[in-house]
Every structure is written in structure tokens, then in C-alpha cells.
Amino acid sequence: MPTTAPRRRHRAALPAVSFLAATGLLAGCSTTDDSTHTTAAAPTAPRTSTPRPSGTHAVSGLDGTWQPINSDSPITSLTIFHTAVTTTGALACPGTLTQTTTAHPVLTLHCTTPDPDRAQGTLMLRPDGTALVINWDGPKWGGEIDSLRRV
């Protein structure tokens with residue numbers, strides 16, 4: 001009988017070992033399932049291409065040369081480089097760009113002979129960067145508007 005006793009113990013231990021192994025596998029599956037479930041339950045937000053400020057510019061993409069779309073503008077071209085601005089045409093003068101850390105920077109022209117309709121204006125860049133609008137300060141109902149496209 002001494003040989004049978006160990007077999008019985010071994011047989012009794014076999015279901016216990018099988019149970020522990022199965023529990024370990026299920027626990028492993030549960031962990032994988034939980035991580036998969038967590039990923040599915042909390043999807044990451046899609047990344048968007050939002051322009052980030054470069055240096056002191058809140059609105060990136062202003063640098064470059066722009067030409068008016070409207071034919072009645074006295075400006076032939078507008079060139080922006082950081083905060084320095086120059087215009088050519090009937091209204092050819094230097095200028096500055098201020099409030100560059102805001103969504104709507106302000107353009108101020110420093111002309112020898114100032115144009116009362118186009119001395120200071122607010123810039124708005126189209127989201128895709130292909131067009132620029134200058135809303136020039138004027139009377140209470142609004143001033144001149146220049147629409148420009150990148151050259």
C-alpha cells in the first residue's frame with residue numbers, strides 16, 4: 001500500500017495544480033482583456049494640426065509676401081517678417097506688427113504721408129494660411145478691408 005498512497009496524493013494534487021494553472025491563465029487573460037478594454041473605452045483624441053506659437057507669434061504663417069485680392073487697394077504687396085512689415089505700391093511704407101501673442105495681431109503703418117484709411121488694422125489669417133484679411137481701423141461702422149493672398 002505504500003505505493004498507492006503517493007498516487008492518491010498525486011491524483012489529489014493534480015486537480016489543484018490544474019486549477020491554479022487555469023486561474024493563472026485566466027488572470028493573464030483578464031489583465032490583457034482589461035488593458036484592451038481600457039484602450040477601447042478611452043480612445044485617444046485625434047491629433048489636429050493646430051498652429052503653435054513660434055517665438056512670440058501666436059498666429060504662425062504670417063511671414064511672407066502677400067498681394068491684395070481687391071483691386072482698389074493702394075497696396076501692391078505686403079511683406080511680413082516677424083514684426084517688421086513693408087508695403088509697396090501707392091501706399092509704400094514700413095510698418096510694425098504688434099500684439100503678436102494674440103489671435104489677431106495689429107498692423108501699424110509708419111508712412112511719411114499717412115493714409116487715414118489704412119494706418120492701423122487687425123490681421124486675421126485664414127486657417128489654411130492661404131488668405132489674410134486686414135480690417136483697418138476707421139469710423140464706428142468700420143474701416144477699409146483688404147483681402148490678400150500669399151504670393
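Source: prediction; values computed, not measured.
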Discussion item. I need the full list of disulfide bond (SG atoms under 2.5 Å apart) pairs touching residues 78-118, with sequence neighbours left out, sorted by first then second residue.
Written reply: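 Sorted pair list: C93-C111.
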Partners meeting side-chain hydrogen bond (donor to acceptor under 3.5 Å, both in side chains) with [X] (sequence neighbours left out):
X	result
T86	none
T130	D128
S147	none
D115	none

At what distance, to the nearest 0.5 angstrom, does [atom1] of [X] lie from [atom2] of [Y]?
X	Y	atom1	atom2	result
Q99	T83	CD	OG1	13.0 Å
T87	R118	OG1	CZ	10.5 Å
D72	E144	CG	CD	7.0 Å
Q67	R149	CD	CZ	6.5 Å
W66	L132	CH2	CG	5.0 Å

Worksheet item: Would a 4.5 Å heavy-atom cut-off, applied to side chains only, mark I75 and T88 as touching?
Response: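 No - every pair of side-chain heavy atoms lies 4.5 Å or more apart.
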Worksheet item: With a 4.5 Å heavy-atom cut-off, do I69 and L148 have their side chains touching?
Response: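 Side chain of I69 against side chain of L148, heavy atoms only: no contact under 4.5 Å found.
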Discussion item. Keeping N135 on the side-chain end and I145 on the backbone end, is there a donor-acceptor pair under 3.5 Å?
Written reply: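 No.
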Worksheet entry | S73 side-chain N/O to N70 backbone N/O, donor-acceptor pair under 3.5 Å |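 Checking the backbone N and O of N70 against the side chain of S73, no donor-acceptor pair under 3.5 Å is found.
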Fill in: Working for side-chain contact (heavy atoms from CB on, under 4.5 Å), residues L91 and T76
CA-CA 8 Å; L91 186 60; T76 304; over 6 Å; no
May I have the list of side-chain donor-acceptor pairs in residues 120-127 shorter than 3.5 Å, sequence neighbours left out?
residue, atom, partner, partner atom, Å
Q120, NE2, T108, OG1, 3.2

Practice prompt. Apply the test side-chain contact (heavy atoms from CB on, under 4.5 Å) to residues D146 and W136: give CA-CA distance (whole Å), side-chain angles for both, the deciding distance (0.1 Å), then the verdict.
Written response: CA-CA 8 Å; D146 282 318; W136 297 101; 2.8 Å; yes
Worksheet entry | Non-hydrogen atoms of P114 and P116 that approach each other most closely |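 Smallest interatomic distance, heavy atoms only, reads O-CD, 3.6 Å.
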Worksheet entry | Passing option when L107 is tested against L62, I80, L97 for side-chain contact (heavy atoms from CB on, under 4.5 Å) |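 Going through L62, I80, L97 one by one, the side-chain contact (heavy atoms from CB on, under 4.5 Å) with L107 is satisfied by L97 alone.
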